[in-house]
Amino acid sequence: MPPQAFAQQGPPQPQFAAEPVVVDVGARSKGKAIAAGVVVGGLGLVSLAAAATGQVDGGLGVRIAVGVLGAVFVAFGLLPLLTWRRITRPRRLVIEPLGIRWEDPRGTSWAVAWQELAGVAVSQTRKRHVKVSDRLLPRKVMVRLDLFPADPGFRGRHPEMEPMWEFHQVKKGYRLPLGSAAKHIEPIDQAMRTHRPNIYLGVRDEGFMIGLV
């Protein structure tokens with residue numbers, strides 16, 4: 001989305017002399033998806049093989065339980081293949097002198113000028129363990145960008161952002177999920193402190209959550 005896409009609302013704002021910061025959210029999606037699928041799927045295959053060949057102590061009931069658990073792990077291991085196009089699509093967050101842009105060629109792109117925002121925050125949660133497979137992988141830190149409009153007309157000007165409105169517990173704002181890469185926090189934090197420290201609300205730790213949002 002070109003810079004001309006930024007909505008020009010309200011009086012001109014002072015521009016800070018700084019280069020755009022680009023956070024490539026989709027860059028490592030392929031490798032992470034493959035790694036997760038291989039680890040979980042591999043454990044499932046090992047469990048199935050052990051159950052099928054009788055290499056499990058405890059009788060028939062235990063063998064069946066191990067086999068079922070192995071099948072579940074294999075199913076989780078296949079998820080990256082089933083959702084491959086969605087997981088690996090290119091996505092970029094751009095923070096620059098004019099404002100913030102989200103580039104998603106296969107989804108929904110948008111651009112917001114700084115004068116349209118009253119506040120910007122980075123929020124993070126740590127994924128709660130709810131399944132056995134969760135405990136086999138490092139605990140994920142889920143990263144989100146929260147945008148708070150400066151005026152009531154914002155929603156009418158940006159209908160493309162409506163799915164993000166008050167998403168997952170954010171109040172009177174928009175929440176953009178950025179995945180489980182904690183490495184994105186530092187460049188976003190530095191970019192906001194450089195480009196618009198006057199509206200930056202910092203990094204907020206919201207504790208543990210269930211799910212990937």
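Keep in mind that the numbers below use all heavy atoms, side chains included, and drop hydrogens, waters and symmetry copies.
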**OP:** For V22, enumerate each residue passing the side-chain contact (heavy atoms from CB on, under 4.5 Å) test, keeping only those at least two apart in sequence or located in another chain.
**Re:** R92, V94
Original post:
Where is the tightest heavy-atom contact between I199 and W114, given as atom of each residue plus distance?
Top reply: CD1-CE3, 3.7 Å
**OP:** Test L178 against I188 for side chain to side chain contact (heavy atoms under 4.5 Å, CB included), laying out the working first.
**Re:** CA-CA 11 Å; L178 296 175; I188 295 174; 3.5 Å; yes
**OP:** List in chain and number order the residues that pass ring pair (Phe, Tyr, Trp, His ring centres under 6.0 Å) with F148, two or more places apart in sequence or in another chain; answer none if no residue qualifies.
**Re:** none
Original post:
Step by step, would you call S109 with R101 a side chain to side chain donor-acceptor pair (under 3.5 Å)?
Top reply: CA-CA 8 Å; S109 300; R101 287 187 285 132; over 6 Å; no
**OP:** Would you kindly confirm whether L117 and L201 end up in one hydrophobic cluster when ILVMFWY residues are joined by side chain heavy atoms under 4.5 Å apart?
**Re:** no
Original post:
Would you call the rings of Y174 and F154 parallel, tilted or perpendicular, where under 30° means parallel and over 60° means perpendicular?
Top reply: tilted
Original post:
Any side-chain heavy atom of H195 sitting closer than 4.5 Å to one from Y200?
Top reply: no
Original post:
Does Q190 have any side-chain contact (heavy atoms from CB on, under 4.5 Å) partners at least two apart in sequence or in another chain, and if so, which?
Top reply: E186
**OP:** Taking the side chain as every heavy atom from C-beta outward, state whether R175 and L145 have any pair of such atoms under 4.5 Å apart.
**Re:** no
**OP:** Name all residues meeting the side-chain hydrogen bond (donor to acceptor under 3.5 Å, both in side chains) criterion together with E166; count only those two or more places apart in sequence or in a different chain, and write none if there are none.
**Re:** none
Subject >> For P20 against E96, the heavy-atom pair lying closest together >> reply: CB-CB, 3.7 Å
Subject >> Linked, directly or transitively: V143 and M192 (ILVMFWY side chains, under 4.5 Å) >> reply: yes
Original post:
Could you go step by step and tell me if R144 and V122 meet the side chain to side chain contact (heavy atoms under 4.5 Å, CB included) rule?
Top reply: CA-CA 6 Å; R144 295 82 58 91; V122 178; over 6 Å; no
**OP:** State, to 0.1 Å, how close L176 and W102 come at their nearest heavy-atom pair, and which atoms those are.
**Re:** CD2-CE3, 3.6 Å
**OP:** Would you check if M161 and V112 make a side-chain contact, meaning some heavy-atom pair closer than 4.5 Å?
**Re:** yes
**OP:** Provide the closest heavy-atom pair for A111 versus H158 in the form atom of the first, atom of the second, distance.
**Re:** O-CE1, 3.1 Å
Original post:
Under a 4.5 Å cut-off applied to non-hydrogen side-chain atoms, are V120 and D146 in contact?
Top reply: no
Subject >> Under the side-chain hydrogen bond (donor to acceptor under 3.5 Å, both in side chains) test, residues paired with R204 that sit two or more places apart >> reply: none
Original post:
Of the non-hydrogen atoms in V25 and H184, which two are nearest, and what is the gap between them?
Top reply: CA-NE2, 3.9 Å
Original post:
Taking only residues two or more places apart in sequence or in another chain, which ones pass salt bridge (Lys or Arg N to Asp or Glu O under 4.0 Å) with E162?
Top reply: R155
Subject >> I100 versus L147, closest heavy-atom pair with distance >> reply: CD1-CD2, 3.9 Å
